[in-house]
2 protein chains.
Amino acid sequence: MENEQIKQAGLKVTAPRVKILSILERSGKRHMSAEDVYKELLSQDEEIGLATVYRVLTQFEGAGLVCRRHFESGQSVFELNSGEHHDHLVCIKCGAVVEFLDPTIETRQKRIAAEHHFKIEDHSLVVYGLCPECQGKR
Amino acid sequence: MENEQIKQAGLKVTAPRVKILSILERSGKRHMSAEDVYKELLSQDEEIGLATVYRVLTQFEGAGLVCRRHFESGQSVFELNSGEHHDHLVCIKCGAVVEFLDPTIETRQKRIAAEHHFKIEDHSLVVYGLCPECQGKR
DNA sequence: GGACAAGATGCGAAAGATTTTCAGTTTTCC
DNA sequence: GGAAAACTGAAAATCTTTCGCATCTTGTCC
């Protein structure tokens, strides 16, 4: 139940939060922008402001419930935190996103950071390209 | 000479373009935001608007002279295109940027894209962490 | 169940980054 | 040298995200 997750995150259980979390969980898309979530709320006749959507998503991020990603498109997208870190393959035409995980790459990253004496906090690997469906179209 | 590069990019040789390209080449930093370039112009008493800086940088990008990167900090940074693709290690504290190139990672990316039938156009790998200098500070 | 304080929300305004508009100017090309 | 095409600065417009603040809810205590 959403309520539990919110409570455990140390946040009060309020209608907007439950609603937003539920949308993230039920919507087919794994990655949604604040705007996407807002539109979905509107289509469900919910009286929730865009500012609240941002606020809630930011809180969820802080609580570790979701991750914020900045693909090169101007806006941030949020995805439910599945525990496992992973990287993304993004279609530059239709926006489709495929997640993947590659241990080899992870390992190399650690090594490279170590060589430069960096202490890794996070990383982001995004491969942009055309998905199978979009390669045909022009 | 900057003039040649601009001409070869199919752009007319104008004062703002020459000036901006020259700043990118001479400034110590490899990565500059539009704002950085603008400030540099101001400090040289150049009458060039911020809009022009954006326009010119975008044209340079289209012409392949520079690359635009979106690190997770709100604004885009531009760097001269050195021909070689490379990835970045960014300090989340001081903003320092170290470039690196890792063939193994590149190879894995290609393979992963192929597995998902994606046609790679571009990719971006950014590792965020603390640089050696910032690890000591708290 | 009711009162309260802390915390949330909604709305409009604001901020920050980037883009567009527009009228005037500069380049290019012949 | 002159016309067409491309370019420019300034201001206005966009777009995404955040803030200020008055109002409403939630969680807690009696």
Side-chain angles (χ1 to χ4, degrees), chain A residues 1-23 31-42 44-63 65-78 95, chain B residues 1-23 31-42 44-63 65-78 95:
Chain A
M1 198 73 227
E2 289 89 17
N3 300 29
E4 287 312 309
Q5 301 180 53
I6 295 173
K7 202 170 287 178
Q8 285 180 21
L11 299 170
K12 287 188 178 176
V13 178
T14 64
R17 291 181 183 159
V18 174
K19 207 71 199 159
I20 291 174
L21 184 50
S22 137
I23 284 178
H31 304 77
M32 300 184 81
S33 66
E35 194 70 34
D36 291 336
V37 174
Y38 182 57
K39 289 213 192 83
E40 185 60 30
L41 285 168
L42 287 185
Q44 295 180 20
D45 287 312
E46 292 292 335
E47 300 268 310
I48 295 180
L50 182 54
T52 299
V53 175
Y54 275 104
R55 243 181 327 227
V56 170
L57 287 173
T58 302
Q59 290 163 335
F60 281 0
E61 182 191 13
L65 286 176
V66 304
C67 291
R68 181 194 300 247
R69 316 261 175 202
H70 297 253
F71 296 151
E72 322 234 335
S73 67
Q75 56 182 14
S76 306
V77 295
F78 297 82
Chain B
M1 196 72 225
E2 288 89 15
N3 300 29
E4 288 312 310
Q5 302 180 53
I6 294 173
K7 201 169 288 178
Q8 285 180 19
L11 299 169
K12 290 188 175 174
V13 178
T14 64
R17 290 179 183 162
V18 174
K19 206 69 200 161
I20 291 174
L21 184 51
S22 135
I23 284 179
H31 304 77
M32 298 184 82
S33 66
E35 196 73 28
D36 290 337
V37 174
Y38 181 57
K39 289 214 192 82
E40 185 59 30
L41 284 168
L42 287 185
Q44 294 181 21
D45 287 311
E46 292 293 332
E47 299 270 308
I48 296 179
L50 183 54
T52 299
V53 174
Y54 275 105
R55 217 165 7 212
V56 171
L57 286 173
T58 302
Q59 290 161 336
F60 282 180
E61 182 190 13
L65 286 176
V66 304
C67 291
R68 180 195 300 246
R69 316 263 175 201
H70 296 254
F71 295 151
E72 323 230 337
S73 66
Q75 55 183 12
S76 304
V77 295
F78 298 82

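Per chain, numbering begins at 1; letters A, B, ... match sequence-line order.
Taking atom CD of residue A:Glu47 and atom P of nucleotide C:dC11, one finds them 6 Å apart after rounding to whole Å. Across the protein-nucleic acid pair, B:Ile6 atom CD1 and D:dC7 atom C1' stand 13 Å apart, rounded to whole Å. The nearest whole Å value for the distance from the OH atom in B:Tyr38 to the P atom in C:dG16 is 15 Å. Residue B:Leu57 contributes atom CG, which lies 13 Å from atom C1' of C:dA17 at whole-angstrom precision. Across the protein-nucleic acid pair, A:His70 atom NE2 and C:dT18 atom P stand 13 Å apart, rounded to whole Å. D:dT25 atom P lies 17 Å from atom NZ of A:Lys19, rounded to whole Å. Remark: P of C:dT20 and CD of B:Gln59 are 12 Å apart, rounded to the nearest angstrom. Counting to the nearest Å, the P atom of C:dG10 and the CD atom of A:Glu46 are 10 Å from each other.
Annotation: the terminal axes of the helix from C:dG1-D:dC30 to C:dC30-D:dG1 meet at 30°, where each axis is the rotation carrying the C1' atoms of four end pairs onto the next four (5 pairs per end, rounded to 10°).
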Quiz prompt | Footprint string (nucleotides 12-17 of chain D, 5' to 3'): B base within contact, S backbone only, - free, heavy atoms under 4.0 Å | solution = ----SB
Quiz prompt | Sugar-phosphate or base contact per nucleotide [nucleotides 21-30 of chain C; S, B, -; heavy atom under 4.0 Å] | solution = B-----BS--
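A:Gln75 pairs by the side chain to side chain donor-acceptor pair (under 3.5 Å) definition with nothing, not counting sequence neighbours. Not counting sequence neighbours, A:Tyr38 has no partner by the ring pair (Phe, Tyr, Trp, His ring centres under 6.0 Å) test. Every side chain to side chain donor-acceptor pair (under 3.5 Å) that B:Thr58 has, sequence neighbours left out, goes to B:Arg68. Judged as a side-chain contact (heavy atoms from CB on, under 4.5 Å), and not counting sequence neighbours, the contacts of A:Arg55 are A:Ala51, A:Thr52. Legend: residues meeting salt bridge (Lys or Arg N to Asp or Glu O under 4.0 Å) with B:Glu72, ordered by chain and number and at least two apart, are absent. Looking at residues two or more places apart in sequence or on another chain, you find no ring pair (Phe, Tyr, Trp, His ring centres under 6.0 Å) involving A:His70. With sequence neighbours excluded, the residues satisfying salt bridge (Lys or Arg N to Asp or Glu O under 4.0 Å) with B:Glu46 are B:Lys19.
Annotation for B:His31 and B:Asp36: closest pair O-OD2, 4.4 Å, computed over non-hydrogen atoms. Considering every non-hydrogen atom in both B:Leu50 and B:Glu35, the closest pair reads CD2-OE1, 3.9 Å.
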Counting only pairs under 3.5 Å, give me each side-chain donor-acceptor contact of residues 4-16 of chain A, with atom names and distances, residues two or more places apart or in other chains.
{"unit_1": "A:Gln5", "atom_1": "NE2", "unit_2": "A:Glu25", "atom_2": "OE2", "d": "2.8"}

Exercise. Apply the test side chain to side chain contact (heavy atoms under 4.5 Å, CB included) to residues B:Phe60 and B:Ile20: give CA-CA distance (whole Å), side-chain angles for both, the deciding distance (0.1 Å), then the verdict.
Key: CA-CA 10 Å; B:Phe60 282 180; B:Ile20 291 174; 4.3 Å; yes
